[in-house]
Amino acid sequence: MSTLADDTLTGLLDGPRARGAFLLRSILNPPWSMRIEDRAPLSLVTMAHGHAWIVPDGGDPVALHPGEVAIMRGPTPYTIADHPDTPPQVIIHPGQRCATIDGHDIGSSRDLGVRTWGEDPTGSAVMLSGTYQMQREIGQHLFGALPPVLVRPIDAGDSALVSLLEAEMLRQEPGQELVLDRILDLVLVSVLRAWLASPGVGAPAWYRAQHDEVVGAALKLLHAEPAYGWTVANLATRVGVSRAALARRFTSLVGEPPMNYLTSLRLALAADLLRETETTIGSVARKVGYSSAFALSAAFKRVRGLSPQEYIRQAANNPGVPVAAVS
């Protein structure tokens with residue numbers, strides 16, 4: 001059933017697709033330490049040379065060595081340093097503004113060339129970082145299951161991706177931003193697929209359920225046609241089991257009934273569409289399977305605790321953070 005799992009996962013992995021991601025190659029000499037308070041929804045870090053420690057707020061330090069990639073799930077702050085005990089020397093604020101601990105803007109004083117930053121170009125540690133500026137709500141099904149810091153080894157077949165990322169970060173060519181976004185996405189997807197496939201990592205229930213012949217088929221249908229007028233009965237017919245059997249099996253494996261899952265999926269899709277400019281609640285409602293703006297608003301308020309209008313306002317004030325994280 002891996003095809004079913006891959007098909008449904010594709011839609012969720014489309015959520016964090018990079019658009020103008022911030023990429024930086026940092027050259028550092030010990031002792032070094034950076035406090036990250038940028039509230040970015042998702043960041044990737046890998047060490048081209050040297051090692052680092054990632055210290056999440058309220059969590060244990062996690063080592064990061066060459067040949068590994070770390071994913072940090074925001075917006076919780078964290079520190080990355082040569083040693084867990086090294087005190088921060090700079091703070092990265094929203095918008096990737098870099099300042100000293102006492103608040104002085106560093107600006108371009110440490111620029112070392114194209115997408116390269118540091119005080120010494122001969123530094124012993126070289127860190128590559130990619131920061132997603134926006135995260136779609138649909139990806140929360142996946143990213144909500146991640147630990148605050150996830151470190152995974154780079155598969156031998158994917159090590160060329162990291163090398164390519166570093167090489168392309170140093171180039172300044174037409175369309176370079178798009179090239180870097182897509183390479184960053186490939187690195188992210190590679191790490192996530194390896195994590196989800198590893199036994200005992202706490203992969204979310206919906207992912208494990210996709211390997212079930214019946215529930216996996218049902219999940220594929222819901223993700224492929226979320227606006228369709230699904231009921232438990234017609235969904236059961238499509239996957240070839242009884243209504244009672246599907247409801248029981250789906251709830252057991254996914255952790256919630258099929259229509260509850262569908263509601264969450266529809267509202268996540270609606271939330272992403274509501275962030276787009278020049279859209280109306282009525283048009284969004286029709287696209288995700290609700291008969292009217294009123295029906296969507298009622299479901300949105302009931303499940304998320306705020307109206308679509310309130311969601312739009314909060315999203316505008318926190319453009320890089322899922323509203324669920326700030327409401």
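Since the model is a prediction, treat every value here as computed from it, not as a measurement.
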How are the rings of His51 and His65 set relative to one another: parallel (under 30°), tilted (30 to 60°) or perpendicular (over 60°)? tilted
Begin with the C-alpha distance, continue with both residues' side-chain angles, and end with the deciding distance and a verdict on side-chain contact (heavy atoms from CB on, under 4.5 Å) for Ile71 and Arg152. CA-CA 9 Å; Ile71 298 176; Arg152 294 286 305 178; over 6 Å; no
In terms of hydrophobic clusters joined by side-chain contacts under 4.5 Å, are Val151 and Val55 together? no
Any chance you could measure Leu150, atom CG, to Trp195, atom CH2, to the nearest 0.5 Å? 6.5 Å
Walk me through it: do Leu165 and Leu23 pass the test side-chain contact (heavy atoms from CB on, under 4.5 Å)? CA-CA 9 Å; Leu165 180 65; Leu23 289 111; 3.6 Å; yes
More than 12 heavy atoms of other groups within 6.0 Å of Arg110 CZ: yes
Salt bridge check: are Glu37 and Arg35 linked by an N-O gap of less than 4.0 Å? yes
Which pairs of donor and acceptor atoms, one on a side chain in residues 287-296, lie under 3.5 Å apart (sequence neighbours left out)?
residue : atom : partner : partner atom : Å
Ser292  : OG   : Phe294  : N            : 3.4
Ser292  : OG   : Ala295  : N            : 3.1

Has Thr116 got a side-chain atom pairing as donor or acceptor with Gly113's backbone, closer than 3.5 angstrom? no
Let me see the working for Arg238 and Glu225 under salt bridge (charged side-chain N to carboxylate O under 4.0 Å, His left out), right down to the final yes or no. CA-CA 13 Å; Arg238 290 281 293 273; Glu225 303 177 75; 3.5 Å; yes
Please assess Val215 against Gln210 for the test side-chain contact (heavy atoms from CB on, under 4.5 Å), listing each intermediate value before the final yes or no. CA-CA 6 Å; Val215 178; Gln210 289 175 100; over 6 Å; no
Taking the side chain as every heavy atom from C-beta outward, state whether Ile183 and Glu168 have any pair of such atoms under 4.5 Å apart. yes
Value for CD1 (Ile80) from CD1 (Ile54), rounded to nearest 0.5 Å, stands at 4.5 Å
Any salt bridge between Arg115 and Glu177, counting N to O under 4.0 Å? no
Gap separating the CG atom of Leu253 from the NE2 atom of His211, nearest 0.5 angstrom: 11.5 Å
Do the side chain of Asn234 and the main chain of Thr231 share a donor and acceptor less than 3.5 angstrom apart? yes
If we count only N and O atoms by modelled type, under 3.5 Å, do the side chains of Asp181 and Tyr132 hold a donor and an acceptor together? no
When rounded to the nearest 0.5 angstrom, what is the spacing between CE in Met127 and CG in Asp82? 11.0 Å
Between CG of Leu128 and CG of Leu44, what distance do you get to the nearest 0.5 Å? 10.5 Å
Members sharing Ile91's hydrophobic cluster, built from side-chain contacts under 4.5 Å between Ile, Leu, Val, Met, Phe, Trp and Tyr, are Ile101
Verdict with supporting geometry, Arg25 and Glu166, salt bridge (charged side-chain N to carboxylate O under 4.0 Å, His left out): CA-CA 8 Å; Arg25 179 174 177 261; Glu166 182 177 14; 3.1 Å; yes
Considering all heavy atoms of both residues, which atom of Ser129 and which atom of Met169 are nearest to each other, and what is their separation? O-CE, 4.4 Å
Just wondering, do Phe22 and Leu24 contact through their side chains at under 4.5 Å, heavy atoms? yes
Gln96 side chain to Asp38 backbone, donor-acceptor under 3.5 Å: no
Please examine the side chains of Ile27 and Asp120, heavy atoms only from C-beta on, and report whether any two atoms are closer than 4.5 Å. no
Taking the side chain as every heavy atom from C-beta outward, state whether Val187 and Ser190 have any pair of such atoms under 4.5 Å apart. no
Arg266 versus Trp230, closest heavy-atom pair with distance: NH2-N, 4.1 Å
Could you tell me whether a side-chain N or O of Gln314 sits under 3.5 Å from a main-chain N or O of Tyr311, the two making a donor and an acceptor? no
Pairwise side-chain contact, Ser33 with Pro87, heavy-atom cut-off 4.5 Å (strictly under): no
So does Glu68 get a backbone contact from the side chain of Thr46, meaning a donor-acceptor N/O pair under 3.5 Å? yes
Checking the side chain of Thr100 only, and the main-chain atoms of Val90 only, is there a donor and an acceptor separated by less than 3.5 Å? no
Once you round to the nearest 0.5 Å, how far does CG of Leu274 lie from CD of Gln309? 9.0 Å
With heavy-atom distances below 4.5 Å as the criterion, would you say the side chains of Pro258 and Thr251 are in contact? yes
Closest heavy-atom contact between Arg171 and Gln176? O-CG, 3.5 Å
Quick check: closest heavy atoms across Pro31 and Gln89, and the distance to 0.1 Å? O-NE2, 2.7 Å
Ser307 side chain to Glu310 backbone, donor-acceptor under 3.5 Å: yes
Closest non-hydrogen atom pair between Val239 and Ala218, with its separation: CG1-N, 3.7 Å
Hey, what's the ring geometry for His83 with Trp53, parallel, tilted or perpendicular (30° and 60° as the breaks)? tilted
Please report the shortest heavy-atom distance between Leu267 and Ala299, naming the atom on each side. CD1-O, 3.7 Å
Quick one: are Met34 and Leu28 in side-chain contact, heavy atoms under 4.5 Å? yes
Is there a side-chain contact between Asp105 and Cys98 in this structure, where contact means two heavy atoms from C-beta onward sitting under 4.5 Å apart? no
Run the side-chain contact (heavy atoms from CB on, under 4.5 Å) check on Phe250 and Leu222 step by step: do they pass? CA-CA 12 Å; Phe250 194 104; Leu222 294 178; 4.3 Å; yes
